[in-house]
Participant: 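So that we are looking at the same thing, I have put the structure below in structure tokens.
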Amino acid sequence: MGNDYLWGVCIGMLIMVANGAPLRKPVDVAFGRNYMPTWAFDHIKYFNGGSQIQLSLDKSTGTGFQSKGSYLFGHFSMHIKMVAGDSAGTVTAFYLSSQNSEHDEIDFEFLGNRSGQPYILQTNVYTGGKGDKEQRIYLWFDPTQDFHTYSVLWNLYQIVFLVDDVPIRVFKNSKDLGVKFPFNQPMKIYSSLWNADDWATRGGLEKTDWSKAPFTASYKGFHIDGCEASVEAKFCNTQGRRWWDQREFQDLDASQWSRLRWVRSKYTIYNYCADRVRYPVVPAECKRDRDI
């Protein structure tokens, strides 16, 4: 893992010297500023005046929380320390979702593992109620040992998934190619810790070991910089006036594309764009996203 660690350090240095416009540093706030619990309130613990929380999963229930507001575009991030040890069957999710039957959704899902095996990070994009755009990677660090930052940059031009400011995936607006793109349904931000041992680890072969419960994941940061809108809103009334909506964020710069290629070449374990069984014809957006 030594070489991977050095790669990670190099990637971090590249972030600092990149020629393109840097992402704004997330502003850390207390949980209650932007979020509220949604279920199993007694499975959420608060620390340091609410600047850090811990979600807990046992055999009776998991738990979760959501943003107070709905947003149409923006930059959203969370510092998370994942479930440690034998976490097989568990899923820690951080995602955006609209609230209707033909919903849009932008997903981070962290799939638990047996002790000693790497975590899998699955990303997905739903548009008009349809997903099936999964990508899976291994991370280049142990996400259970410390907090790491997981972010989404979403504007009218692209969705970028980032881990510690390293792009791990981009989903470009390809409406001109007939591909739906989330652009007119405000979304809330959600996170949850829950049992999914019917599919999460090795396709459901590895079941949750409840003797290891409770399983816990820790959160801090709770950063939201978005265009807040009612759920009925169809456009952002600050469009073109926010930092994440400027021209330099309409595409990745050369350094960011280089980092994304690094992730794809070393850590990708599944990409729907390369799955000829599910998709005999390459999906139209894959070439624009440089996935093939």
Participant: Keeping the roles fixed (side chain from Arg202, backbone from Leu205), state whether a donor-acceptor pair exists under 3.5 Å.
Facilitator: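 No; zero donor-acceptor contacts below 3.5 Å.
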
Participant: For salt bridge (charged side-chain N to carboxylate O under 4.0 Å, His left out), just list the numbers for Arg278 and Asp132, CA-CA rounded to whole Å, side-chain angles, deciding distance to a tenth of an Å, and then say yes or no.
Facilitator: CA-CA 9 Å; Arg278 290 177 66 194; Asp132 299 329; 3.8 Å; yes

Participant: Taking the six-membered ring for Trp, are Tyr119 and Phe110 closer than 6.0 Å centroid to centroid?
Facilitator: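 Centroid separation for Tyr119 and Phe110: 6.0 Å or greater.
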
Participant: Do Phe94 and Tyr150 have ring centres separated by under 6.0 Å?
Facilitator: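 Ring-ring flag for Phe94/Tyr150: false, centres at least 6.0 Å apart.
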
Participant: Would you please say whether a donor-acceptor pair under 3.5 Å links the side chains of Asn113 and Ser87?
Facilitator: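 Yes, because at least one side-chain N or O of Asn113 sits under 3.5 Å from a partner of the opposite role on Ser87.
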
Participant: Using ring pair (Phe, Tyr, Trp, His ring centres under 6.0 Å) as the criterion, point out the one residue from Trp243, Trp154, Trp244 that pairs with Phe249.
Facilitator: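 It is Trp243; the other options fail the test.
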
Participant: Looking at Asp225 and Arg242, does any basic side-chain N land under 4.0 Å from a carboxylate oxygen?
Facilitator: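 Judged by the 4.0 Å cut-off on N to carboxylate O distance, Asp225 and Arg242 do form a salt bridge.
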
Participant: Can the positive tip of Lys175 be found less than 6.0 Å from the middle of the six-membered ring of Phe183, inside 45° of the ring normal?
Facilitator: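 Judged by the rule, Lys175 and Phe183 form a cation-pi pair.
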
Participant: To the nearest 0.5 Å, how far apart are OG1 in Thr90 and CG in Leu57?
Facilitator: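 It is 7.0 Å, given to the nearest 0.5 Å.
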
Participant: Under 3.5 Å, is there a donor-acceptor pair linking the side chains of Thr144 and Asp142?
Facilitator: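 Judged by distance alone, the side chains do pair up.
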
Participant: Measuring centre to centre across the rings, with the benzene-like ring taken for any Trp, is Phe222 within less than 6.0 Å of Phe31?
Facilitator: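 Between Phe222 and Phe31, the centre distance is under 6.0 Å.
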
Participant: Check the pair Asp289 / Lys287 against salt bridge (charged side-chain N to carboxylate O under 4.0 Å, His left out), numbers first and verdict last.
Facilitator: CA-CA 5 Å; Asp289 296 342; Lys287 186 173 183 180; over 6 Å; no

Participant: Under 6.0 Å between the ring centres of His79 and Tyr219?
Facilitator: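 Judged by ring-centre distance (under 6.0 Å), His79 and Tyr219 do not meet the cut-off.
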
Participant: Cluster partners of Phe147, using ILVMFWY side-chain heavy atoms under 4.5 angstrom, listed by chain and number?
Facilitator: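 Other cluster members: none.
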
Participant: Kindly confirm or rule out a cation-pi arrangement of Arg290 over Trp257, judged by NZ or CZ under 6.0 Å from the six-membered ring centre and within 45° of its axis?
Facilitator: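 Yes, Arg290 sits over the ring of Trp257.
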
